[in-house]
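Working notes for the structure below.
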Number of protein chains: 2
Amino acid sequence: MCPSTAASCVRYSSMRSGATSKRASLATWVTCAVVRAAALELGLSGMADECTKPRYLGALMAKNELAIGIDLGGTNMSVGLVDRRGRVVARSKKKTKAQEGRDVVIDRLIVAMEAACEAGNVKLADIRTLGIGAPGPVDSERGVVITAGNLGWKNVPLGEILRKRLGIPVTVDNDANVAAWGEATVGAGEGCQSLLAVWVGTGVGAGIVMDGKIWRGDLFTAGEFGHVIMYSNGQPGSRKVEEFCSRTGIVRSLRTLAGLNPESLFHKVLARHEADGKAGPIGSSSIAECYNANDPLVRDVVDSSAELLGIGIANWITMASMRTVILGGGITEALGKPYADRVEESIRRHVFPSAIAPKVSVRMTKLKDDAGVLGAAMLAWDALG
Amino acid sequence: MCPSTAASCVRYSSMRSGATSKRASLATWVTCAVVRAAALELGLSGMADECTKPRYLGALMAKNELAIGIDLGGTNMSVGLVDRRGRVVARSKKKTKAQEGRDVVIDRLIVAMEAACEAGNVKLADIRTLGIGAPGPVDSERGVVITAGNLGWKNVPLGEILRKRLGIPVTVDNDANVAAWGEATVGAGEGCQSLLAVWVGTGVGAGIVMDGKIWRGDLFTAGEFGHVIMYSNGQPGSRKVEEFCSRTGIVRSLRTLAGLNPESLFHKVLARHEADGKAGPIGSSSIAECYNANDPLVRDVVDSSAELLGIGIANWITMASMRTVILGGGITEALGKPYADRVEESIRRHVFPSAIAPKVSVRMTKLKDDAGVLGAAMLAWDALG
């Protein structure tokens, strides 16, 4: 914890004992965990117990010391109020409903921000800065979402629109980039100047941090790891990372093989899923259920996907000589350490030169679902200087 | 041409007309092409004709305005005297003879530097700075060659050794990196902040420039493009870029197929090569001879290698979003534009997102064999500030 936050926590204590100050009038709502952590770090265990209940904390959440971070996805928009040290102190979540159109989605972003502010008992007008991670390539210099297929957006000047409406600085970047930035600044990669963060979920994406900065590339499209070709002799549809390693790719392989393996647990899970008439595809948790039960079919398909993902990451390291890899996303989180270990083992076996293999560090995401919100907010703080 | 060089050329003219100056005593020898180019740029065509013969040019080559660039390979060491604008004004070349041991090779480096200085009519003591490109990973911060298989070196503090012997600053970096730096500063990538330079010869290597700097990576091993795995389902020995795209890989494929194609021109070239009892492998020029004669076997193998190289480069662009690619090395130079066009076409077809394909720029090396010498020297100039 930084000294100023610790000092604020002590100030909070004096506020509670009856002292009044100008800062008290700026009181804001914070989650108890943050204050509890602060108190524990200060060795104030008694106070830490006090902090287990939400409180008004004017000193800790002083005016203009909160950023908003937004993870804008095709399905959901997640909003968090984040302090300079990267702690989410209040949040809200809404459906994106992209089909209702760009303007409605942007209006809903404002409503979601207001909801998060209400949860944090601050006014939107008191927020210092805003960061957003959006899907697809983003011209981060101009704050323009170039294309976002799952939003149906093309060349949307999201930064300018929100800057005009809110009157605060707005930073916009690609969602995988900001999540990687979250891990690099306050997550599993804290202290690393360079890292590759790989998100394995519905698709496979990556964010690259190089030399202490997000690497966006000349064309703002960096990190499209899912579209890297792994089988140069493969047919279109069966040669890219995403086509084998994403949840979608894994389920596709499993569905193809399930009919040949009627005795497999996955076959039963699939039958149950269909009998339930559940909407949507088989989720990561169902795959994990079979994986953890040692279903040979799922073990085989998932382990092969981990091996392939490892080769893809090893190729990146062979080219970029990057020692830190963060693994995140729905598949990684659901399958956990056994999966990450497989990926790591494959990376080590395929990287060149082999002498660097022991130096490669593969870590699980620390921020999980918050990586996007935190990364967006931290990027916004960084832009303020 | 920079104004100062142009001015120097005019000063040269006044020297020739009888004017004496202190600078004249520092006269150095330059290749005629440099002065001729300078004169032509100044519109002094008469003087350009004068300049077609080598001259002493004190003003142009003033004391302390020359760097030495060295390309240290397993077979040869190339040394050049290079001015600040990246012109090679004198050079020397010697066999490396690595088998004679590290100290003998370093002594020979000094001899080669003295030979280049003699050719340039300057003293080694008057050289301002020295840059060296060496094979294998190099700790460029400390000037240590970590491993150089073809030299048999391990952890050789080349920078420190030469700094002590010569008393001037010494910059050491990986050979593919410095060659890429040459192209980025005074070659085909001049003006580009980021680029990938791919060298296709005996092996396949690459140098990466990102954001105006050589990208060496956390472990000083960046750019090992030859060792990127292209067939994830391939057997060791038949899955990496180098195993198909290098001269060695191409010749291996051709040798395997030549027996099945006795009517092919390559079969005849191979027979001739063996009948001549020539030492060493089939060269790039022999491959080019068959390629240009439209030998179907060589066309097929070379075009397939270009396709694969293009996929590998496209994968890099999909990850790093880099618009500029430089192609160099023995195979590229021997096969020329038809080969480069094939590689380019494959890159465009395989890069993601496809919208960036038209923005990718693939260029042939401008510096050719001088890329290493020039890059090493330019890096040394840059280190001076």
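Heavy atoms only, all atoms of each residue included: S321(A) and A222(B) are closest at CB-N, 3.4 Å. Of all non-hydrogen atoms in M322(B) and W215(A), the two that sit nearest each other are CE-CZ2, 4.3 Å. In terms of heavy atoms, E224(B) sits closest to T318(A) at O-CG2, 3.1 Å.
Taken to the nearest 0.5 Å, the OG1 atom of T324(A) stands 6.0 Å off from the CG atom of D218(B).
Within the 3.5 Å criterion, the main-chain N or O of L308(A) finds no donor-acceptor partner in the side chain of S232(B). A donor-acceptor pair under 3.5 Å is absent between the side-chain atoms of N315(A) and the main chain of V228(B), judged by distance alone.
Looking at L196(A), only its side chain comes within 4.5 Å of chain B, counting heavy atoms on both sides. The parts of I229(A) that come within reach of chain B are both its backbone and its side chain, each placing non-hydrogen atoms under 4.5 angstrom from that chain. In this structure, chain B has heavy atoms under 4.5 Å from both the backbone and the side chain of L219(A). Only the side chain of R239(B) comes within less than 4.5 Å of a heavy atom of chain A; its backbone N, CA, C and O stay farther away.
Annotation for R349(A): atom CZ counts as buried by contact number, over 12 foreign heavy atoms lying within 6.0 Å. Counted within 6.0 Å of CZ on R342(B), heavy atoms from surrounding residues, nucleotides or ligands total 12 or fewer; the atom is thus considered open.
Of all the listed residues (F352(A), Y231(A), W316(A)), the one sharing the greatest number of non-hydrogen pairs under 4.5 Å with chain B is F352(A). Chosen from M210(A), H350(A), K359(A), the residue pairing most often with chain B at heavy-atom distances under 4.5 Å is M210(A).
Residues N233(A) and N233(B) are in side-chain contact: their nearest non-hydrogen atoms beyond the backbone lie under 4.5 Å apart. Taking 4.5 Å as the limit, some side-chain heavy atom of D211(A) sits within range of a side-chain heavy atom of K213(B).
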